[in-house]
2 protein chains.
Amino acid sequence: MNIGEIAKRAGVSRSTVSYALTGRRPVSPETKQRILAVIDELGYRPNAAARALKEGRTRTIGLVIPPASTRLTDMQLGFVASVVDAAARADLDVLLSPSGGEHDRSFERVVTGQRVDGVIVMEIRLEDDRVARLMASGLPFVGIGRTRDPAGMSWVDIDYETLIARCVHHLADLGHRDIALVNRSAELVAAGYGPGHRARAGFDRAVADRGLRGVAVCCADDAQAGQACTEHLLAEHPELTAIATVNEAAAAGVYHALARSGREVPRDFSIVGVAARHWAENLHPPLTAADVPAVELGAQAVDLLLGRIADPSAAHRHLLVAPPISLRATTGPAPA
Amino acid sequence: MNIGEIAKRAGVSRSTVSYALTGRRPVSPETKQRILAVIDELGYRPNAAARALKEGRTRTIGLVIPPASTRLTDMQLGFVASVVDAAARADLDVLLSPSGGEHDRSFERVVTGQRVDGVIVMEIRLEDDRVARLMASGLPFVGIGRTRDPAGMSWVDIDYETLIARCVHHLADLGHRDIALVNRSAELVAAGYGPGHRARAGFDRAVADRGLRGVAVCCADDAQAGQACTEHLLAEHPELTAIATVNEAAAAGVYHALARSGREVPRDFSIVGVAARHWAENLHPPLTAADVPAVELGAQAVDLLLGRIADPSAAHRHLLVAPPISLRATTGPAPA
DNA sequence: CCGATTCGTCGAATCGGTTCGACCGAGGGA
DNA sequence: TCCCTCGGTCGAACCGATTCGACGAATCGG
């Protein structure tokens with residue numbers, strides 16, 4: 001079932017079969033039809049490896065994800081899904097590569113073995129050696145997220161700094177004076193995870209701008225940690241009346257801790273965050289939050305990558321989104 | 001940076017480089033060292049396409065997932081993560097293929113273009129044309145889930161029928177007489193989604209065995225639907241004192257509906273389900289549930305697939321797991 | 001001391017496509 | 001009528017690896 005077999009049965013040469021399929025040279029209607037009939041009958045498809053070898057491209061992109069051991073957040077899942085979706089629309093396949101920890105062989109294989117035409121990297125750190133590796137390799141790539149100095153790369157990202165600042169202003173406008181930031185996990189922040197640092201910076205700046213009293217804490221990415229963290233926060237700072245958070249996975253725990261402390265949301269306490277819309281709406285009560293357009297970002301990342309593959313020397317482009325805050329049910333005036 | 005370049009710089013023939021790398025023929029220590037030095041210096045990796053073409057295998061497996069539009073449940077995410085993880089351990093790459101809906105081109109490409117050595121298929125229906133397609137193609141594959149008559153395939157699956165029956169018996173043992181099943185979405189069940197049907201069958205059988213009164217409903221996979229569904233259920237059947245569920249995504253909504261109706265869990269009402277442990281523990285209160293070992297199942301699926309790739313004519317194997325119910329905080333004696 | 005092994009290496013064939021140069025015949029312009 | 005162009009097709013080269021057969025040199029047993 002290779003191209004030679006098709007050629008033999010159609011009574012033409014292999015090149016003619018190739019031209020009939022790719023259309024890169026004219027083939028007479030009768031010949032073409034005969035070839036297609038044979039192909040259809042035998043269910044022939046060109047061998048992807050042979051084609052990739054000759055053409056020098058694989059029609060596959062790599063998607064570098066955090067290692068499987070760290071559970072994907074809802075937002076990350078949204079990115080993965082939208083990248084896969086957008087790639088499928090462009091008739092590209094997606095090769096998954098967990099990176100970090102023990103799986104660096106996988107990353108190496110993807111980057112170095114000419115298995116993919118380009119790469120999308122998620123979960124970028126301020127200093128990220130995967131990015132350095134990719135830049136050195138010359139392979140086209142796009143970050144979902146960006147390094148501290150992203151001038152030499154193409155990327156899409158969420159403007160956490162602006163968003164958290166906006167959250168703080170929203171709370172300040174409502175009269176809150178003592179607010180807390182529930183950030184991502186201490187490990188992530190310590191490892192230089194961009195959103196954690198940028199959220200912190202935005203929080204500090206806005207708190208200073210509005211003359212508020214702010215306290216920032218880190219919190220692991222699950223409901224139990226969110227609860228523990230909030231209980232601790234309320235015990236240490238009983239004066240708090242609001243929380244801003246970028247940790248969607250912890251939000252349910254934050255709710256429970258507040259309920260157990262006797263505080264009712266939003267009457268006694270306000271919460272505002274940055275989260276996937278799906279997630280914000282499914283909390284109870286629905287979370288007032290900046291809705292991250294994960295689907296759009298993933299699609300844009302694929303777009304950018306296609307551009308770089310088509311012209312690797314083109315100027316780098318990027319997209320920084322700061323979606324507006326959707327008012328739902330968790331923020332209200334500061335209690336008197 | 002191909003093997004010829006390495007050969008030239010090391011002053012040997014291309015075949016010798018190949019033998020030095022694969023070890024399939026002896027190479028003298030000095031020569032080998034010289035070759036490895038050059039390779040190291042130039043950062044050479046064999047071209048994956050060329051190797052695949054000659055060897056006839058790609059060292060890649062396909063993972064067929066539901067289309068991106070339908071959000072992955074926590075359990076499905078666990079499967080994906082564990083498959084990727086297990087594949088990485090075996091030095092295999094994973095090619096993602098959304099199937100269903102508009103993405104059948106992607107599935108076709110994966111199955112037919114000799115891009116992968118084997119395939120793992122998720123979300124299998126009782127009658128599943130992707131399975132039929134794979135059987136016809138002769139490509140090794142393993143299902144996570146199984147068709148109605150899975151004799152001709154290898155698979156791993158969760159024994160929903162037994163598990164839900166076990167849940168019902170657990171509730172009956174606690175004295176509950178009126179119980180409901182909250183199943184997966186009506187669309188899934190209508191489409192012949194196996195777990196939905198098998199859960200229903202196990203529920204009906206156990207309810208009959210114990211002489212209970214049971215009511216089964218379908219429910220979309222999110223918290224809002226869970227709440228609406230439960231409210232409806234309580235309105236129609238106020239005599240209910242317990243719910244068994246296979247719909248982990250709806251559980252939070254079930255909780256809220258019960259709380260809003262004034263029922264306290266587990267004092268007034270019991271809930272028991274089948275869910276990923278991570279998910280059950282993060283609910284509040286933690287859900288008494290059969291903990292699905294998604295990680296183990298994914299790893300087993302990869303194992304089975306490796307076996308089939310190694311020997312496609314070997315007898316089919318399968319694994320049906322029925323993990324015990326972990327008692328947490330949501331079941332108690334039926335109210336008097 | 002000679003024939004048979006064994007070791008280390010090389011050259012050439014091969015995998016299944018794409019693509020380039022060339023060829024033949026028909027049609028069109030001068 | 002002659003020449004050129006162009007449509008349609010073929011054969012051969014090529015992409016970058018693996019692998020088989022062969023061959024020279026060293027080793028070994030008799």
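Naming convention: chains lettered A, B, ... in sequence-line order (proteins, then strands); numbering from 1 in each chain.
With hydrogens and angles left out, the side-chain atoms of B/Asp104 and B/Ser106 include no donor and acceptor closer than 3.5 Å. A donor atom on one side chain and an acceptor atom on the other are found under 3.5 Å apart for A/Ser99 and A/Arg130. Looking at A/Ser28 and A/Thr31, their side chains do bring a donor and an acceptor atom within 3.5 Å of each other.
Salt bridge annotation for A/Glu41-A/Arg34: absent, with no cationic side-chain nitrogen under 4.0 angstrom from a carboxylate oxygen. For A/Arg133 and A/Asp128, the salt-bridge test fails: no basic side-chain N is under 4.0 Å from an acidic carboxylate O.
Heavy-atom neighbours of B/Arg9 CZ from other residues, nucleotides or ligands within 6.0 Å: at or below the threshold of 12.
Summarising the geometry, the separation between CZ on B/Arg24 and C1' on D/dC20 is reported as 13 Å, rounded to the nearest angstrom. Look at CD on A/Glu55: it is 11 Å from C1' on D/dC15, rounded to the nearest Å. Remark: P of C/dA13 and CG of B/Leu53 are 17 Å apart, rounded to the nearest angstrom. Rounding to whole angstrom units, CZ of residue A/Arg59 and P of C/dG17 are separated by 13 Å. One atom, CG of B/Asn47, and another, P of C/dG17, lie 17 Å apart when rounded to the nearest Å. Atom NZ in B/Lys8 sits about 13 Å away from atom P in D/dA17, given to the nearest Å. The nearest whole Å value for the distance from the CZ atom in B/Arg115 to the C1' atom in C/dG16 is 15 Å. Rounded to whole Å, the distance from OH on B/Tyr44 to P on D/dT18 is 6 Å.
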Contact list (N/O, under 3.5 angstrom) for nucleotides 9-13 of chain D vs protein:
unit_1	atom_1	unit_2	atom_2	d
D/dT9	OP1	A/Ser28	OG	3.0
D/dT9	OP1	A/Thr31	OG1	2.4
D/dT9	OP2	A/Ser28	N	2.9
D/dT9	O4	A/Arg25	NH1	2.8
D/dC10	OP2	A/Ser13	N	2.8
D/dC10	OP2	A/Ser13	OG	3.2
D/dC10	OP2	A/Thr16	OG1	2.6
D/dG11	O6	A/Ser15	OG	3.2

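Taking a pair to require two hydrogen-bonding distances under 3.5 Å in either a Watson-Crick or a G-U wobble arrangement, C/dC7 pairs with D/dG24.
Residue-level contact check: A/Arg57 touches neither bases nor backbone, having no heavy atom under 4.0 Å from any strand.
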